[in-house]
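Step one of this worksheet: look at the structure below.
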Amino acid sequence: MNREVRVRFAPSPTGGLHIGGVRTALYNYLFAKKNNGKFLLRVEDTDQTRFVPGAEEYIKDALDWLGITPDESPWVGGSVGPYRQSERKEMYMEYAMDLVEKGHAYYAFDTSEELDAMRERLTAARVVSPQYNSITRTQMKNSLTLPEDEVKERLASGEPYVIRIKIPRKEEVRLNDMIRGWVMVHSSTLDDKVLMKSDGMPTYHLANIVDDHLMGITHVIRGEEWLPSAPLHVLLYRYLGWEDTMPQFAHLPLLLKPDGNGKLSKRDADKHGFPIFPMDWKDPKSEEVAIGFKEQGYLPEAMINFLAFLGWNPGDHREMFTKEELVEAFTVERIGKSGTKFDINKAKWYNEQYLRAKSDGELAAYLMDDLKKEGIELSPEKAERIAGLMKERATFPADLWKEGKFMLIAPAEFDEKVAEKRWNNDAVSVLSTYKGKINALEGDLDPVQAKSLLEESASENELKLGKVMQAVRLAVTGVGAGPDLMEVFAIIGKEELSKRIDFALDTLKVNA
RNA sequence: GGUCCGUUCGUCUAGGGGUUAGGACGCAUCCCUUUCACGGAUGAAACACGGGUUCGAUUCCCGUACGGACUACCA
């Protein structure tokens, strides 16, 4: 039997989508495409208390931005919907009842106070792990300890209850993880997890098994934080009678803090000043906005490439991959086992690579957008020239303007360190001569002319150009670094150039 | 604490019983150059530790240490 590969990304709409979640989605996507399968998205919203408005829409937009588009989802539908667990609510009880009838699950009536008391009691008795399990359930209020008619009575009276799985006392539970190999856990260390909550909603554990089965999921690729509960899931597949079509599991290594250790969190992102969400996320309650990769200037293709390499590699020395190339190269065998520290430097490097690969025209569009916000008009031709000059030194599209401001705005002050070192009488002489030549020029200034006139100005003063070049740059741009000066001159134009030289000559003083 | 997972340069990683342990980011130096950047070249930089197995272990096994995840009527 060769089933169609079907994988799913199952986020919970409780806030902005964490970058680790995005990576999980990407790996699912790549795996599906590589195997000519389907990538589905299912919204896991069984916890009504944690519902956050806008979160689901955010997940959709973020994935769209990156091009990790599900084949089936709440938004486009599909043949095994609905794709929101809250809308599948009615489906779960049937399976929970099936488990109860088979003796693999039971009703429990304990209140949260009683559960707390139980845990306290066990802790006081120095029990290593206080949990609801094969031992302790005999002392709690459930359908295993209560007389049958009392159970019926309680149920009939509408008393709140949960349904718990009945974990066997002694059993070795094994699963073959695609990344980690065989993982074995003894059932005595598992607890009787709640399957159905008292509000009638299933917990993640039941819902994810039922849905994955009903949706024909063949491979579950998810974060490592799920590994400890995977044996429970195996047991559920077995008890539900679905073991022969149980998906294969692949538990991804976690994304770690850049310094020290631990799971990457929003806190780390704030601390180091880099994003952790794909796009800006505004918390509807606190109104706080968390910066996104998109708004920071990261390109989607750079993000994809960067994210893919956080825990995976192609096995050769290639670094640059388009999404299509990733699909081609991707295998779960090449996913690493150990946690990955988040290195924003690498993300920046990828962004620079993709930024430089863009045409001057594309970049000019970014630049003109930024300029519009500043109220500056610029011809597309000029924008393109500036973009071409600046792109080698930009990390983000916004740098085109930030670092290239001087091409459109005359300096109001000059870098003092450079002035101190380079500004001298020679510079004054050359610039004075040069200004005369510029003013006398007919027609537009082009880089070749700009240079030959400058060379003439230097030799007429019996100086070498190199001696004064830095001073010239300082005079015109205000700073000591930047792209080819002659190109800059041409963009600035002769009138403006002449004005700037005047201003510099007036403002800068020669040190005695 | 318990259960599970992990550990190769600062970081991401390749490799795998015998290698000068390879690449990338970052860092340093040099070259290019009107500066900075780009680009090119070079360099510093790693197999956590202890026992086995073996002629030989970074590689296989077992411990130890360290790190992480999980331990809710959250996912």
Side-chain angles (χ1 to χ4, degrees), chain A residues 10-14 44-47 49-50 85 108 110-112 115 119 123 126-132 160-164 177 179-180 183-186 188-191 193-205 207-208 222-231 251 253-254 256-263 306 309-320 334 336-350 352 356 389-394 403 418 422 451 454 464-474 477 479-486:
Chain A
S12 196
T14 53
E44 309 237 324
D45 55 352
T46 52
D47 187 354
T49 64
R50 292 214 304 164
Q85 289 185 329
D110 316 277
T111 64
S112 52
L115 290 171
R119 287 187 194 106
T123 308
R126 301 229 187 114
V127 171
V128 280
S129 52
Q131 51 186 17
Y132 210 116
Y161 66 92
V162 300
I163 294 176
R164 286 181 182 272
D177 188 272
I179 294 173
R180 284 149 221 287
V183 175
M184 263 163 275
V185 175
H186 197 87
S188 61
T189 64
L190 268 25
D191 63 341
K193 280 265 181 295
V194 170
L195 265 19
M196 291 296 293
K197 300 187 266 189
S198 57
D199 64 359
M201 279 287 198
T203 58
Y204 168 83
H205 302 295
N208 115 80
R222 79 230 293 195
E224 193 185 349
E225 66 267 30
W226 294 110
L227 195 51
S229 57
H251 289 95
L254 261 17
L256 270 24
K257 301 171 185 295
D259 56 347
N261 286 295
K263 208 160 43 157
F306 166 66
F309 272 72
L310 245 35
W312 173 87
N313 75 83
D316 54 36
H317 285 160
R318 290 177 295 164
E319 297 276 342
M320 305 304 292
R334 299 213 63 89
K337 291 177 171 64
S338 48
T340 304
K341 284 187 185 153
F342 191 81
D343 182 10
I344 197 65
N345 256 331
K346 199 78 170 229
K348 284 183 181 166
W349 179 78
Y350 270 114
E352 286 163 1
R356 277 166 213 154
L389 281 180
M390 293 309 297
K391 72 175 173 183
E392 298 292 288
R393 53 230 309 139
E403 307 295 323
V418 181
R422 306 284 188 173
K451 176 130 193 197
L454 190 58
K464 282 207 164 170
L465 226 200
K467 294 277 274 182
V468 294
M469 201 61 173
Q470 277 294 82
V472 173
R473 175 181 292 279
L474 177 75
T477 69
V479 291
D484 187 279
L485 239 202
M486 299 308 120

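Quick caveat, the model's predicted, so the values are computed rather than measured. Chain letters run A, B, ... following the sequence lines, proteins first and then strands; every chain starts at 1.
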Strictly below 4.0 Å: does [X] bring a side-chain N or O up to OP1 or OP2 of [N]?
X      : N     : result
A/R126 : B/G2  : no
A/R50  : B/A75 : no
A/K257 : B/U11 : no
A/K391 : B/A37 : no
A/T340 : B/U13 : yes
A/T189 : B/C4  : no
A/K346 : B/C12 : no
A/N313 : B/A14 : yes

Can you tell me the base-pairing partner of [N]? Count Watson-Crick or G-U wobble geometry only, both distances below 3.5 Å, and say none if there is no partner.
N     : result
B/G1  : B/U71
B/G6  : B/C66
B/C32 : none
B/A24 : B/U11
B/C55 : B/G18
B/C38 : none
B/A46 : none

Rounded [atom1] spacing from [N] to [M] in Å:
N     : M     : atom1 : result
B/A72 : B/U53 : C1'   : 46 Å
B/A37 : B/C31 : P     : 14 Å
B/C47 : B/U58 : P     : 10 Å
B/G39 : B/G26 : P     : 9 Å
B/U20 : B/U11 : P     : 26 Å
B/A69 : B/C38 : P     : 36 Å

Around A/K197, counting heavy atoms of other residues, nucleotides and ligands shown, do more than 12 lie under 6.0 Å from its NZ?
yes
Partner of A/H251 under side chain to side chain donor-acceptor pair (under 3.5 Å), chosen from A/K337, A/E224, A/R222
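It is A/R222, the one option of A/K337, A/E224, A/R222 that forms the side chain to side chain donor-acceptor pair (under 3.5 Å) with A/H251.
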Drop me the distance from A/T340's OG1 to A/L254's CG, to the nearest 0.5 angstrom.
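Answer rounded to 0.5 Å: 9.0 Å.
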Minimum-distance nucleotide (side-chain atoms of [X] versus [options]):
X      : options             : result
A/V183 : B/U34, B/C4, B/C74  : B/C4
A/N345 : B/C25, B/U71, B/U8  : B/C25
A/A481 : B/G26, B/U35, B/A37 : B/U35

Specify whether A/F342 and A/F306 have parallel, tilted or perpendicular ring planes, treating 30° as the upper limit for parallel and 60° as the lower limit for perpendicular.
perpendicular
